[in-house]
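Every value quoted in this text rests on a predicted model; they were computed, and no experiment measured them. Labels below follow one simple rule: chain letters A, B, ... track the order of the sequence lines, proteins then strands, and each chain is numbered from 1.
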Protein chains: 2
Amino acid sequence: MSGSRARTRQAIVDAAIDVLGRNPAASLGDIAAAAEVGRTTLHRYFADRADLLRAVTAEADARLERATAQARMTEGSGASAVRRLCEEYFDLGSVLSLLFTATPASADPSCEEPAGCDPDFTAMVERGHRDGTIDPELPADWVQSLIWSQLYAGWSYQATMGTSRHEVLRLILRTVDGAIAVKAA
Amino acid sequence: MSGSRARTRQAIVDAAIDVLGRNPAASLGDIAAAAEVGRTTLHRYFADRADLLRAVTAEADARLERATAQARMTEGSGASAVRRLCEEYFDLGSVLSLLFTATPASADPSCEEPAGCDPDFTAMVERGHRDGTIDPELPADWVQSLIWSQLYAGWSYQATMGTSRHEVLRLILRTVDGAIAVKAA
DNA sequence: CCGAAACGGAACAGCAGTGTTCCAATCGGG
DNA sequence: CCCGATTGGAACACTGCTGTTCCGTTTCGG
């Protein structure tokens with residue numbers, strides 16, 4: 001039964017994303033429980049904690065990349081592309097807080113999100129600088145930090161307050177739009 | 001030597017704020033080392049880890065309150081008060097990431113920052129709604145989330161990139177201003 | 001200069017998380 | 001139905017953090 005293995009493995013990874021998103025220091029026991037799986041079974045699929053973390057970040061990166069692709073960063077004005085990107089990323093849900101909370105302590109060569117941002121992203125922001133939809137004073141790096149922090153803020157805002165998903169997304173888009181807009185004065 | 005006790009205690013709390021700001025899961029050994037103090041000495045001042053955490057949050061809250069007072073939230077237009085608040089809070093440095101990263105797992109009655117925000121803060125935002133300097137579509141809660149997330153983003157931006165303190169503050173003020181401004185369209 | 005206060009190191013038991021092994025129970029396709 | 005694959009639980013040793021005790025050393029104040 002090879003299909004069973006894949007399904008169990010996926011359930012563990014999904015549970016890990018969810019649990020680690022809430023608490024990055026969660027134990028393997030917690031993750032196994034969330035996946036409704038014995039701790040023994042978890043170790044059967046992932047030898048180390050590091051091994052599991054590798055799989056988790058791989059899955060998270062895959063979802064991130066899919067969302068990025070769907071946002072079509074190269075199309076339309078800079079600001080509209082940023083807007084689409086926010087919409088797609090917001091749907092990532094707990095992957096958001098996982099990627100945001102991810103400690104750079106791992107220190108392996110794959111620097112990921114934090115430093116040196118995606119060339120497509122940089123291109124999008126600079127296009128916005130030229131077409132007058134993004135404040136030229138804001139470097140691409142900072143726009144990236146801005147988006148991530150606001151998405152994360154929205155995610156936890158939704159979690160603590162009882163605000164609806166849709167309403168929170170509206171607030172995020174409104175404030176991000178305003179933040180990157182060319183200033184009047 | 002009573003002055004010595006107070007000085008050592010303060011050194012430990014300061015070091016704890018710094019270390020825990022970077023890594024909320026840091027061990028007591030790490031904190032003691034950062035304070036250039038033996039782990040034994042640390043336990044002489046704080047029985048539990050919980051005890052130390054209490055002192056740390058007390059100190060953080062004190063600094064926070066001092067910064068809040070200096071920002072004079074009740075004066076001037078809503079937006080200008082928000083601006084002053086950002087300037088003061090930015091100076092909090094590592095206290096920022098400590099308060100931001102603080103897990104609500106402690107679950108003690110003192111809810112602190114996360115939920116239900118300060119009445120003065122709410123008043124400031126609503127004043128901004130009326131005087132036309134803050135977008136009336138944005139609830140005070142969200143403005144608070146906004147400010148904290150951007151300050152934290154700026155703090156880590158400064159840490160990872162080599163950007164100067166002053167320049168980062170400029171970026172924060174610019175984007176926060178834009179985010180809360182009344183929208184033209 | 002002397003004693004008390006403060007400090008740091010070593011050692012210890014306790015605890016939680018980890019990684020491993022072994023075995024019994026269950027499930028599923030041939 | 002049956003055999004192999006998959007699973008979960010129990011037990012174990014190991015590690016790192018914690019909280020405590022004890023003792024020798026340093027340092028300040030009278």
Side-chain angles (χ1 to χ4, degrees), chain A residues 1-59 94 97-98 101-108, chain B residues 1-59 94 97-98 101-108:
Chain A
M1 57 180 84
S2 62
S4 172
R5 281 197 69 82
R7 217 175 324 122
T8 307
R9 185 191 151 94
Q10 193 59 37
I12 294 176
V13 172
D14 287 347
I17 288 181
D18 204 67
V19 172
L20 292 176
R22 286 186 237 285
N23 170 23
S27 74
L28 296 184
D30 293 340
I31 296 173
E36 290 174 319
V37 144
R39 195 168 64 90
T40 309
T41 302
L42 190 151
H43 273 104
R44 202 169 281 130
Y45 286 83
F46 306 97
D48 282 40
R49 169 177 257 266
D51 199 10
L52 173 60
L53 288 186
R54 258 191 300 277
V56 164
T57 58
E59 171 70 17
S94 47
S97 59
L98 179 70
T101 320
T103 42
S106 46
D108 51 38
Chain B
M1 57 181 86
S2 62
S4 173
R5 281 197 66 83
R7 216 176 325 120
T8 308
R9 185 191 151 93
Q10 194 58 39
I12 294 175
V13 171
D14 287 348
I17 288 180
D18 204 66
V19 172
L20 292 177
R22 285 186 238 284
N23 171 23
S27 74
L28 297 184
D30 294 340
I31 296 173
E36 290 174 320
V37 144
R39 194 167 65 89
T40 308
T41 301
L42 189 151
H43 274 104
R44 202 168 280 131
Y45 286 83
F46 306 96
D48 282 45
R49 167 177 259 266
D51 199 10
L52 174 59
L53 289 186
R54 257 190 302 276
V56 164
T57 59
E59 171 70 17
S94 46
S97 59
L98 179 70
T101 320
T103 44
S106 45
D108 52 37

Scanning both residues in full, the closest heavy-atom pair of A:T101 with A:P24 reads CG2-CG, 3.2 Å
Closest heavy-atom pair, A:A26 versus A:V19, reported as atoms and distance to 0.1 Å, is CB-CG1, 3.5 Å
Protein proximity profile, nucleotides 8-20 of chain C - base contact B, sugar-phosphate-only contact S, no contact -, cut-off 4.0 Å on heavy atoms:
BBBB-----SBBB
side-chain contact (heavy atoms from CB on, under 4.5 Å) with A:T8: which residues, sequence neighbours excluded?
A:S4, A:I12, A:V37, A:T41, A:Y45
To the nearest angstrom, the CZ-P distance between B:R9 and C:dC7 comes to 13 Å
Check this one for me: any side-chain N or O of B:Y45 less than 4.0 Å away from OP1 or OP2 of C:dC7?
yes
Provide the closest heavy-atom pair for B:D51 versus B:F46 in the form atom of the first, atom of the second, distance.
OD2-CA, 3.7 Å
Do you know the tightest heavy-atom contact between B:A35 and B:A11?
CB-O, 3.9 Å
